[in-house]
Amino acid sequence: MNIQWYPGHMVKAKRKIMEELKLVDIVIELLDARIPMSSRNPEIENIVGNKKRIIVLNKSDLADPAINMEWIDYFNREDKKAIPVDSVSGKGLKDILSASGQLMKEKLNRLKSKGLLLKTVRALIIGIPNVGKSTLINKLAGRNAAQTGDKPGITKAKQWIKVGPELELLDTPGILWPKFEDERAGMNLAFTGAIKDEILDINRLSQELLAILADKYPEKLNSRYKLGENEADIAPGKLMEIIGRKRGCIISGGDIDMHRVSALLLDEFRCGKIGRISLESPKEFLKNIPINYTRGNKEQDEY
Ligand code: G4P
């Protein structure tokens, strides 16, 4: 999905979600486990307000398991329930069901004491494009149930998808805009494929990614591309040439096809072939330490 977000679209998206929030008991906020802060909508607290919320760290199968745990702790400290999920395999889905029951326990008990019964908990799934909303809805529903977007001119009745005896989901996810005003977040969104490559300089993007991987995950880089000792420390442009040569990305005359190497690196990162990698960790946010995208900033590995 490739949505161009203009101020008018943001206002419309926000208004639509605010309307839908009135219909539900809880919100399931999807974040990309590799970049939870960059994949978070900048106005999320405003939009969701006091509504009960579960944070799903989706694509957790692609993220560093140890850092997934750190994020769970981080959100716990904010008194928010966060659950690592792989929406493709379905790992973690049961935890969403039990967390939603748990969150509503108090309300259910209150209603019960008044002789009333809340039969099912209703939930709305929200998140930025490509974070996995439709995949999660379909997995929870056990079929292709998700409506991915609005069709102009067609007003559709709201459909509720029953997920187990106690949870119902709105079939249309709430689509939010990403954090593109922040350069670091924009890069992270581009690395993970949330921003379409066609509008990006993929050569620069893959060099930036290589610099980060060499800094944070040198062993994974070495092992995937069979780099020699200290090769991961070479400047990213040169490293791309080495990888290009090893992978046969050569054009006539023996030069390296940099476009092909760039595409290969981004693709292998995005589908997890380089390993399970997290680009953001809570420590950076707890200590409010800015990440430097250039090489040689080894201090950020220390904590
Ligand atoms: P959206 O509705 O939020 O826009 O996202 P959607 O479900 O369409 O998912 C976007 C891509 O992310 C899909 O890849 C989907 O398979 C993948 N995905 C979703 N959840 C997970 C997850 O938990 N783990 C992994 N590994 N992948 C996940 P795609 O079909 O290849 O689409 P595209 O990337 O080619 O657009």
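Just follow the structure's listing: the first ligand is 1, and inside any ligand the first atom is 1.
Using a 4.0 Å cut-off between charged nitrogen and carboxylate oxygen, E241 and K238 count as a salt-bridge pair. Looking at E29 and K52, no side-chain N of the basic residue comes within less than 4.0 Å of a carboxylate O on the acidic one, giving no salt bridge.
At a 3.5 angstrom cut-off on N or O pairs, P129 does not count as close to ligand 1.
Counting all heavy atoms, side chain and backbone alike, Y217 lies closest to S278 at OH-N, 3.2 Å.
When the options T135, I126, D32 are ranked by their closest heavy atom to atom 9 (O) of ligand 1, first place goes to T135. Summarising the contacts of atom 21 (C) of ligand 1 with V88, L136, V85, the nearest heavy atom is found in V88. Within the set K133, K59, K139, the minimum heavy-atom distance to atom 22 (C) of ligand 1 is found for K59. Closest to atom 20 (N) of ligand 1 by heavy atom, among N58, D86, V56, is N58.
Those atoms of ligand 1 with a heavy atom of V131 less than 4.0 angstrom away are 3 (O), 5 (O). Heavy-atom proximity to D61, at under 4.0 Å, picks out these atoms of ligand 1: 22 (C), 23 (O), 24 (N), 25 (C), 26 (N). Proximity to S87 (heavy-atom distance under 4.0 Å) selects the following atoms of ligand 1: 20 (N), 22 (C), 23 (O).
Side-chain polar atoms of S89 and D86 form a donor-acceptor pair below 3.5 angstrom. Under 3.5 Å, the side chains of N58 and S87 contain a donor-acceptor pair of N or O atoms. For E70 and S281, the side-chain atoms include no donor-acceptor pair closer than 3.5 Å. Side chains of S38 and N188: a donor on one and an acceptor on the other come within 3.5 Å.
When heavy-atom distances to ligand 1 are checked against a 4.0 Å cut-off, L62 comes that close only through its side chain, counted from C-beta outward.
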